[in-house]
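As C-alpha cells, the structure follows; a few thoughts come after it.
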Amino acid sequence: MKRSPQNTTRPGKAGTEHQCPVKCPLCTYPSDVWPARFRRFALEPAQTVAKISGKANHVLFLLEGALRILVDGKDIFIQSRQAMFFARDARPWIQAVKLSQIVWLEFSNRIVLGACDVLSEIHIRETPRKDDIPILCLSGALLEKLHTLTLLDSPCFHICIQKELYMLLKTSADEAEIARFFRPLVDARKDFTAFVTDNFRYGDTIEEAARKAHMSKNHFLAKFKAAFGVTAHRWLLQQKAAKIQDAIAAGETDAKILVRRFDFKSTAALYHFCRRYLGGSFSRLTGKKCDKKT
C-alpha cells in the first residue's frame with residue numbers, strides 16, 4: 001500500500017544541540033540517537049505515519065481520534081485513550097480515520113529502575129501468548145500526563161518521562177496486561193543488545209546480567225559474542241575506558257576521585273589502565289602530574 005509524501009507525517013527529528021537543565025553527560029554527547037524520545041503530532045483524516053525506525057521500539061499513545069493499523073497480517077482499529085506497542089522489527093501502516101492527536105515514544109533502552117530491569121522481572125511471573133495484540137487502555141492519570149507533556153530538548157529529560165509513565169502504568173494495569181503490551185521485550189533474549197547496554201551501565205557483573213536475562217552464564221557469553229563481536233570481558237573493558245575518557249573530557253582529573261568512581265584498587269592501577277587501554281599515561285591524558293605514592 002503506497003503512501004503519498006504530501007499526505008504522510010513523520011514523528012519529528014531533532015538536532016544534536018540539547019538544552020539540558022543540568023548539563024549531564026548524556027545530553028552533551030553529540031548524537032541524534034537518544035535512548036528515549038517523545039514527540040507530539042496530529043494526523044488529519046486519511047493521513048498516514050511515515051515508515052518508522054527499525055532501530056528502536058515504539059509506543060503510540062492515541063490521545064484523541066481513531067487510527068487504522070495494518071501490522072503482522074492484522075487489520076486493527078484503535079480509538080481515543082488507547083496505546084499500542086511496536087517492536088523493532090514491526091513495519092506497521094498507520095492511517096488516521098479521523099483527526100487524531102498522538103504522542104509517540106521511540107526508545108532503544110530497557111526500562112531500568114533501581115538497577116532492576118523491570119521488563120525482565122515481569123517475564124518471571126507472566127508469560128504472554130504469542131497472539132496477544134499489544135494494546136492498552138490509558139488511565140486518567142496517564143492521559144493527564146500525556147496531555148500536559150512539555151518536551152525539553154534533553155535526552156535525560158525524556159528518559160525521566162519514560163520512567164514516570166511506566167510507574168503510572170503500573171498503578172493502573174496489572175502484570176498480565178503489561179506483559180501482553182511489552183511482549184517482545186519481556187524476554188531479554190529478544191532485545192539482547194539493549195538489555196546488555198542498559199544493565200551493564202548500572203554495574204552488573206556477568207553473572208548478575210545472565211541471571212536477569214534468565215540464561216546460564218555460558219549461554220549468555222555465547223550470545224554476547226554473537227551479538228557484539230567481542231567477548232563480554234573485552235566489551236566491559238572498552239566501556240570502562242570510554243567512561244574514564246568521558247569523565248576526563250568533562251574536567252574530572254583528580255586521580256583519587258576516578259579511583260573511587262571506577263572501582264580501582266589504587267591510583268597505580270588507574271595509571272596502568274590508562275597506559276594499557278587509553279593509549280597514554282594519566283599525566284598526558286589529564287595534563288596533571290601523577291602521584292606515585294598511592
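Counting from 1, the numbers follow the sequence of the chain as shown.
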Report summary line: Across all chains, not counting sequence neighbours, the ring pair (Phe, Tyr, Trp, His ring centres under 6.0 Å) partners of F273 are F264, Y277
Requested in this report: Answer yes or no: are there more than 12 heavy-atom neighbours, outside Q245 itself, under 6.0 Å from its atom CD?
Outcome: yes
Report task. Show your working on side-chain contact (heavy atoms from CB on, under 4.5 Å) between I78 and I76 and close with a plain yes or no. Result -> CA-CA 7 Å; I78 66 171; I76 302 164; 4.0 Å; yes
Report task. Hey, could you give me the NZ/OG distance between K256 and S266, rounded to the nearest 0.5 Å? Result -> 12.0 Å
Query raised in the report: Hey, does R183 have a side-chain heavy atom less than 4.5 Å from the side chain of F181?
Result: no
Report summary line: For E64, the salt bridge (Lys or Arg N to Asp or Glu O under 4.0 Å) test, sequence neighbours excluded, returns none
Query - Expected output: side-chain E144 to main-chain A141 donor-acceptor under 3.5 Å - result: no
**Report entry** Verify same cluster id: L99, L67 (apolar side-chain graph, 4.5 Å)
**Finding:** no
**Report entry** Contact check, side chains of I94 and T48, non-hydrogen atoms, under 4.5 Å
**Finding:** no
Query raised in the report: Is a side-chain N or O of N57 found less than 3.5 angstrom from the main chain of R88, in a donor-acceptor match?
Result: yes
Query - From CD1 (I257) to CZ (F262), nearest 0.5 Å - result: 11.5 Å
Report task. Please report the shortest heavy-atom distance between S108 and K55, naming the atom on each side. Result -> CB-O, 4.1 Å
Query - Residue pair V59, M84: steps toward the side-chain contact (heavy atoms from CB on, under 4.5 Å) verdict - result: CA-CA 6 Å; V59 178; M84 187 165 180; over 6 Å; no
**Report entry** Main-chain N/O of T286 paired with T253 side-chain donor or acceptor, under 3.5 Å
**Finding:** no
Query raised in the report: Sub-3.5 Å donor-acceptor pair from the side chain of S100 to the main-chain atoms of K98, do we have one?
Result: yes
Query raised in the report: Mind checking what makes ring pair (Phe, Tyr, Trp, His ring centres under 6.0 Å) contact with F61, not counting sequence neighbours?
Result: none
Query raised in the report: Quick one: are K74 and L70 in side-chain contact, heavy atoms under 4.5 Å?
Result: no
Query raised in the report: Is R40 reaching over with its side chain to a backbone N or O of L146, donor-acceptor style, under 3.5 angstrom?
Result: yes
Query raised in the report: What is the minimum heavy-atom distance between Q162 and A36, and which atoms define it?
Result: OE1-CB, 3.8 Å
Query raised in the report: Who pairs with K240 by salt bridge (Lys or Arg N to Asp or Glu O under 4.0 Å), at least two apart in sequence or on another chain?
Result: none
Query raised in the report: Quick one: which of V103, I102, L138 gives a side chain to side chain contact (heavy atoms under 4.5 Å, CB included) with L62?
Result: I102
Query raised in the report: Among pairs that include at least one residue of residues 75-87, which meet salt bridge (Lys or Arg N to Asp or Glu O under 4.0 Å), considering only residues two or more places apart or in two chains?
Result: R68-D75
Requested in this report: Could you tell me if the ring centre of F192 sits under 6.0 Å from that of F220?
Outcome: yes
Query raised in the report: From R91 CZ over to K51 NZ, what is the distance, rounded to the nearest 0.5 angstrom?
Result: 6.0 Å
Query - Minimum heavy-atom distance S216-A210, with the two atoms named - result: O-CB, 4.2 Å
Report summary line: Scanning both residues in full, the closest heavy-atom pair of L270 with A255 reads CD2-O, 3.7 Å
Requested in this report: For side-chain contact (heavy atoms from CB on, under 4.5 Å), just list the numbers for Y166 and I178, CA-CA rounded to whole Å, side-chain angles, deciding distance to a tenth of an Å, and then say yes or no.
Outcome: CA-CA 10 Å; Y166 181 80; I178 295 173; 4.2 Å; yes
Query raised in the report: Do K170 and E175 sit within salt-bridge range, that is, some charged N less than 4.0 Å from a carboxylate O?
Result: yes
Query raised in the report: Angle class for the F182/F107 ring planes (parallel below 30°, perpendicular above 60°, tilted otherwise)?
Result: perpendicular
Query - Reported OH-to-SG distance for the pair Y271 and C274, which is rounded to 0.5 angstrom - result: 9.0 Å
**Report entry** Within-4.5 Å side-chain heavy-atom neighbours: I161 and K145
**Finding:** yes
Report task. Enter the distance from F85:CZ to L105:CG here, rounded to the nearest 0.5 Å. Result -> 9.5 Å
Requested in this report: Using atom types as modelled and distance alone, determine if a side-chain donor or acceptor of R261 lies under 3.5 Å from a backbone N or O of A247.
Outcome: no
Report task. Report the C-alpha distance between V97 and F77 in whole Å, list the side-chain angles of each, state the deciding distance to 0.1 Å, and finish with yes or no for side-chain contact (heavy atoms from CB on, under 4.5 Å). Result -> CA-CA 9 Å; V97 177; F77 287 84; 4.0 Å; yes
Query raised in the report: Have H58 and W104 got a donor and an acceptor in their side chains that come within less than 3.5 Å?
Result: yes
Pairs under 3.5 angstrom only: tabulate donor-acceptor contacts from the side chains of residues 224-238 to other protein residues two or more places apart or in another chain.
residue, atom, partner, partner atom, Å
T231, OG1, R234, N, 3.1

Query raised in the report: Atom NZ in K265, atom NE2 in H272: separation rounded to 0.5 Å?
Result: 12.5 Å
